[in-house]
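What's counted below: heavy atoms across the whole structure, side chains too, no hydrogens, waters or symmetry copies. Numbers for residues simply follow the sequence, beginning at 1.
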Amino acid sequence: MIAGLVLLLIFQILGNVAEMYFHLPVPGPVLGMFLLLIALISYDKLAAYARPISLVLISYLAVLFVPAGVGIILHFERIKNEALPIGVSLVLSTILTIAVTGLVIKYSGIWLEKRRIRKSEEPCHE
């Protein structure tokens with residue numbers, strides 16, 4: 001489990017360094033998660049290290065929502081005053097997310113099918 005925690009921290013540090021070095025508008029931990037995703041896709045054996053600590057962290061995920069809930073209560077008056085722009089942005093972003101997800105699923109299915117056909121047509125080299 002220690003190896004998995006070290007792995008997660010290394011990728012978070014890599015994301016933070018990339019954010020600072022390249023002056024990216026994306027938070028470092030998000031970049032780190034993206035880099036970890038690429039590493040997990042590229043190297044299957046990394047998943048064995050990341051899985052145990054990931055399951056432990058997921059079990060405590062609800063605790064991470066406490067600060068957000070406190071922030072909502074603290075700024076309730078402001079949220080009430082700006083309910084219309086917040087509501088419109090939530091609805092539009094939800095619609096956009098659903099549309100983009102649908103397109104990604106559609107085109108990744110087409111891409112995977114073409115890839116499967118291409119692999120089945122390759123001659124066997126024995």
Side-chain angles (χ1 to χ4, degrees):
M1 195 152 36
I2 299 291
L5 185 59
V6 169
L7 180 71
L8 294 178
L9 291 174
I10 286 172
F11 278 97
Q12 182 173 357
I13 290 169
L14 286 173
N16 286 335
V17 169
E19 174 197 12
M20 288 187 300
Y21 184 75
F22 296 112
H23 305 290
L24 297 171
V26 179
V30 173
L31 288 172
M33 282 194 313
F34 181 72
L35 293 172
L36 178 61
L37 173 66
I38 291 170
L40 288 171
I41 290 171
S42 301
Y43 307 104
D44 293 336
K45 294 181 181 182
L46 283 181
Y49 293 108
R51 184 173 288 116
I53 191 67
S54 299
L55 293 174
V56 170
L57 291 174
I58 286 173
S59 68
Y60 292 104
L61 191 61
V63 175
L64 299 175
F65 290 105
V66 171
V70 171
I72 288 172
I73 298 302
L74 184 65
H75 298 287
F76 185 73
E77 201 58 39
R78 181 175 180 189
I79 292 171
K80 189 171 83 174
N81 292 336
E82 298 179 21
L84 182 62
I86 292 171
V88 169
S89 65
L90 284 173
V91 169
L92 290 178
S93 64
T94 301
I95 292 169
L96 182 64
T97 301
I98 291 170
V100 169
T101 303
L103 289 172
V104 167
I105 290 171
K106 177 183 176 181
Y107 289 111
S108 63
I110 292 169
W111 178 76
L112 288 171
E113 183 63 24
K114 286 180 181 178
R115 185 175 173 204
R116 186 187 61 77
I117 291 170
R118 198 170 41 238
K119 281 193 174 197
S120 68
E121 291 175 350
E122 287 180 0
C124 245
H125 298 291
E126 293 183 31

Exercise. For the residue pair P29 and Q12, what are the closest heavy atoms and their distance?
Worked result: CG-NE2, 3.8 Å

Exercise. Any ion pair linking E121 and R118 (charged N to carboxylate O, less than 4.0 Å)?
Worked result: no

Exercise. Can you find a heavy atom in the side chain of L57 that is under 4.5 Å from one in the side chain of L61?
Worked result: no

For this session: Kindly compute the distance separating CZ (F34) from CG (L31), expressed to the nearest 0.5 Å.
Result: 9.0 Å

Problem set entry | Reported CG-to-NE2 distance for the pair N81 and H75, which is rounded to 0.5 angstrom | 13.0 Å

For this session: Treating Ile, Leu, Val, Met, Phe, Trp and Tyr as nodes and any side-chain heavy-atom pair under 4.5 angstrom as an edge, say whether V6 and L46 lie in one connected cluster.
Result: yes

Problem set entry | Common cluster, I2/L8, ILVMFWY with side-chain heavy-atom separation under 4.5 Å | yes

For this session: With side chain to side chain contact (heavy atoms under 4.5 Å, CB included) as the test, would you mind laying out the steps for K114 and I110 before giving the verdict?
Result: CA-CA 6 Å; K114 286 180 181 178; I110 292 169; 3.9 Å; yes

Exercise. Where do Y49 and I53 come nearest, in terms of heavy atoms and distance?
Worked result: O-CG2, 4.4 Å

Exercise. Which heavy-atom pair separates S93 from T97 by the least distance, and what is that distance?
Worked result: O-OG1, 2.7 Å

Exercise. If Ile, Leu, Val, Met, Phe, Trp and Tyr residues are connected whenever their side-chain heavy atoms lie under 4.5 Å apart, and connections chain through other members, are Y43 and L40 in the same group?
Worked result: yes

Exercise. Between atom CG of L112 and atom CD1 of I105, what is the distance when rounded to the nearest 0.5 Å?
Worked result: 11.5 Å

Exercise. Is there a path of hydrophobic side-chain contacts, each under 4.5 Å between heavy atoms of I, L, V, M, F, W or Y residues, that connects L7 with M33?
Worked result: no

For this session: Rounded to the nearest 0.5 Å, what's the gap from OG on S54 to CE on M1? Could you check?
Result: 11.0 Å

Seminar exercise, completed: Taking every heavy atom of G15 against every heavy atom of L35, the minimum-distance pair comes out as N-CD1, 4.3 Å

Problem set entry | From CG (L9) to CG (L14), nearest 0.5 Å | 11.0 Å

Exercise. Among the clusters formed by ILVMFWY side chains lying less than 4.5 Å apart, do Y21 and V30 turn up in the same one?
Worked result: yes

Problem set entry | Within 6.0 Å of CG in L96, more than 12 heavy atoms from elsewhere | yes

Exercise. Once you round to the nearest 0.5 Å, how far does CD1 of I98 lie from CG of L103?
Worked result: 12.0 Å

